[in-house]
Number of protein chains: 2
Amino acid sequence: MFKEQNTIKDKAAIVGIGETQFAKQLPASETELACKAISAALKDAGVSPSEVDGLASYTMESTSDFELAKNLGFGDITFFGQIGHGGGGGPATLGMLAMAIATGQCQVGVAWRSRKRGNPESRVWANKAASAELVTAANWSRPWGVLRPVDEVSLITQRYMHETGCTRQHLANVAVSIRKMANNNPRAMMYDKPLTTEDYMAARWISEPLCLYDNCLESDGALAVVLVSAERARDCNSPPVYLHAFGQGISQQSHSMVNFYSENPLQGPSWTCARQLFRYSDIQAQDIDVAQFYDAFTPLIPFSLEAYGFCGHGEGAAFTEDGGLDINGKLPCNTSGGGLSEAYVHGFNLITEGVRQLRGQSCNQVREAETCLVTASTSVPTSAVILRR
Amino acid sequence: MFKEQNTIKDKAAIVGIGETQFAKQLPASETELACKAISAALKDAGVSPSEVDGLASYTMESTSDFELAKNLGFGDITFFGQIGHGGGGGPATLGMLAMAIATGQCQVGVAWRSRKRGNPESRVWANKAASAELVTAANWSRPWGVLRPVDEVSLITQRYMHETGCTRQHLANVAVSIRKMANNNPRAMMYDKPLTTEDYMAARWISEPLCLYDNCLESDGALAVVLVSAERARDCNSPPVYLHAFGQGISQQSHSMVNFYSENPLQGPSWTCARQLFRYSDIQAQDIDVAQFYDAFTPLIPFSLEAYGFCGHGEGAAFTEDGGLDINGKLPCNTSGGGLSEAYVHGFNLITEGVRQLRGQSCNQVREAETCLVTASTSVPTSAVILRR
């Protein structure tokens, strides 16, 4: 039988976080942005670049591991890995590093995401992803006009509304709750732009039933975290935030980007991921103080509330009522403004905000937050982590 | 301090291997080839596809994890990861799965490689890799005519010859020794094509000092392995081959594809990898019974002999003399014919051959082989595993 002491539970800790500015367009290259974010994270941790020996990133990352190692003066790297599926990947970069640290494959790990929408480098990678997808799942939907991620999510949202009674008001609740978080966060791209339900209802369609405010931002920026073993964490500058549990999920018969063809299209990869996440976790859904849910689109929040067990199936929409996601709500969510209102960097800003909450340093601090769930997209092969103080 | 019982040592075992035919051109798609190889590996193990919950592959793999899961009827997948850098990746797919199994993130892992040189799918990925590289290291060499991998390896080989006294005869020793292995392996593409030193010396240059026979084959084909926990392995059809140790390496200041700009260009990623590989290993270089070295080009064999400690620096060429790599030599190498003479599938056939050796099923069986080293390319961010019976 598998011995529970062999899990990665609390064996690695995040001891450094770093970010660049977020904006619609930044002049620096993706490599430069990555270097800035990683340097800031190492400084935050009080760890020398020469100690770094583990690296994890998204497959769509355009800055290579060896390029960073050269530019930043890392030591000999003894673990490096990548994780596919775009927005499904963020927490998995942490999970991979935690596995490597827990098993002695490396000692100081760095995970990062650097992104520029307008950069030709990025376009190469976007084209690659698109081409790979074209030969598979998308063959069945592209010819019928399901072209953009938002079109795929709008279809599944329509089904969700039909089955559960979710309305546009519920999606507005998500957009407005998360925007309020951004309005307290000077680093958020939407810091000085309040959003009301009226604004939401008056906005143009992007892909019905999803309007402008159901969609995340388009951002340039980079972020990084530094992970070390729990023992090493005691000697770092910043208080350790432990990686308590890690899950990934591809559900049976699921496609990327969405899950139209499986028996229950409303219960996809995140449901699989949640089972693995909580399997060896001492912290269950009812013990989570604050959540950072991947929010490329508003309906992913009710989907995630259901997947990770904060409510029953079909109850995610109602959970958003009466400020359920607000700072004093049932489950404070996306407290930096998330992808909808802080910046869209494939969910990596959800990780750094999770760390800030457990350090007591958030702009929207949840009082005495001890545990934080960080998830990736519900629509693709996905991942999640539980962080604890 | 890190506890050695937390390493992955012997915690996972390869219990199934599967391969398609190897040929210059195969009619089936890469997805179809991957499915065939994986099905064969599962059958070999006596494991049902529905038990598979972990997947690892190269980033250049064009068949996606979820596509395989759908086509083959896998269960819910709870671990999936990828490894970059082309021929540096093979052993790392095993290492990643072993980490995931050892830490409870999955129970039955599949690693695979499927490749068709002539396939438009593959070209997309090759272009992607080329584009990413162009913005970085290759900026410094492409304009001077260093266009192909063989050009990069020929430069470093020239330097190696200059420094160590390695001659073309030594490279011929490698090509001829490995070809003899293929001549005993009916599945090898070069099975019925003997090679003499005279043939070698008369061959045309590809990139001086490297001639035709210093280069690997171009092959279509797919391979797969199944890994499970050491406990689960006892219930499988085939005798378990334990993953004893795993290493990866990016050396300081190293570039991909080669290591021209570092202090010692002749000691690159494989040297870093070897240190990590042997760090927690009970099996050291002198205990290795048979080796499968990544052999896209003949000089990578002397480089690897030195990197993994089978001889001192500069002694790799002499090691090939007097049939040093032959079945009764100092270290029998690439016993299926490797990339040079069986098939070039980014080194994955070295893994399956390593397993056959430890099962006693090789066409060139090393008597009572108990331990096998399998390595990836010396020229890029790399990986290696030690397998044991």
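Numbers restart at 1 for each chain; the letters A, B, ... are given by sequence-line order, proteins then strands. From a predicted model like this one, the values you see are computed outputs, not experimental measurements.
Of the listed residues B:I101, B:N6, B:I8, B:I83, the one with more heavy-atom pairs under 4.5 angstrom with chain A than any other is B:N6. Heavy-atom pairs under 4.5 Å with chain A were tallied for B:C106, B:G81, B:A102; the largest tally goes to B:A102. In terms of heavy-atom pairs under 4.5 angstrom with chain A, the leader among B:P269, B:G75, B:G73, B:A69 is B:G75.
Residue B:Y280 touches chain A through its side chain alone, counting heavy-atom pairs closer than 4.5 Å. Contact of A:S229 with chain B is not made at all, since no heavy-atom distance falls under 4.5 Å. The parts of B:Q105 that come within reach of chain A are both its backbone and its side chain, each placing non-hydrogen atoms under 4.5 angstrom from that chain. Looking at A:A98, neither its backbone nor its side chain comes within 4.5 Å of chain B, counting heavy atoms on both sides. Only the side chain of A:F2 comes within less than 4.5 Å of a heavy atom of chain B; its backbone N, CA, C and O stay farther away. Heavy-atom distances place no part of B:L277 under 4.5 Å from chain A, backbone and side chain included. For B:R232, no part sits under 4.5 Å from any heavy atom of chain A, backbone or side chain. Neither the backbone nor the side chain of B:E4 comes within contact range of chain A; no heavy atom of the residue lies under 4.5 Å from a heavy atom of that chain. B:T382 touches chain A through its backbone: at least one of N, CA, C or O sits under 4.5 Å from a heavy atom, while the side chain does not. Within the 4.5 angstrom heavy-atom criterion, only backbone atoms of B:F74 (N, CA, C, O) approach chain A.
More than 12 heavy atoms of other residues, nucleotides or ligands shown are found within 6.0 angstrom of CD on B:Q5.
For residues 245-253 of chain A, the interface with chain B (any heavy-atom pair closer than 4.5 Å) comprises A:F246, A:G247, A:Q248, A:G249, A:I250, A:S251, A:Q252, A:Q253, sorted by residue number.
Taking both residues in full, the closest heavy atoms of B:M96 and A:Q82 are given as CE-N, 4.2 Å, listed atom of the first, atom of the second, then distance. Closest approach of B:F66 to A:P381, counting heavy atoms only: CD2-CG, 4.2 Å.
With contacts defined as side-chain heavy-atom distances shorter than 4.5 Å, the pair A:K11/B:T103 does not qualify. B:D53 has its side chain out of reach of A:Q276: every pair of non-hydrogen atoms, C-beta onward, lies at least 4.5 Å apart. Residues B:T78 and A:R279 are not in side-chain contact: their nearest non-hydrogen atoms beyond the backbone lie 4.5 Å or more apart.
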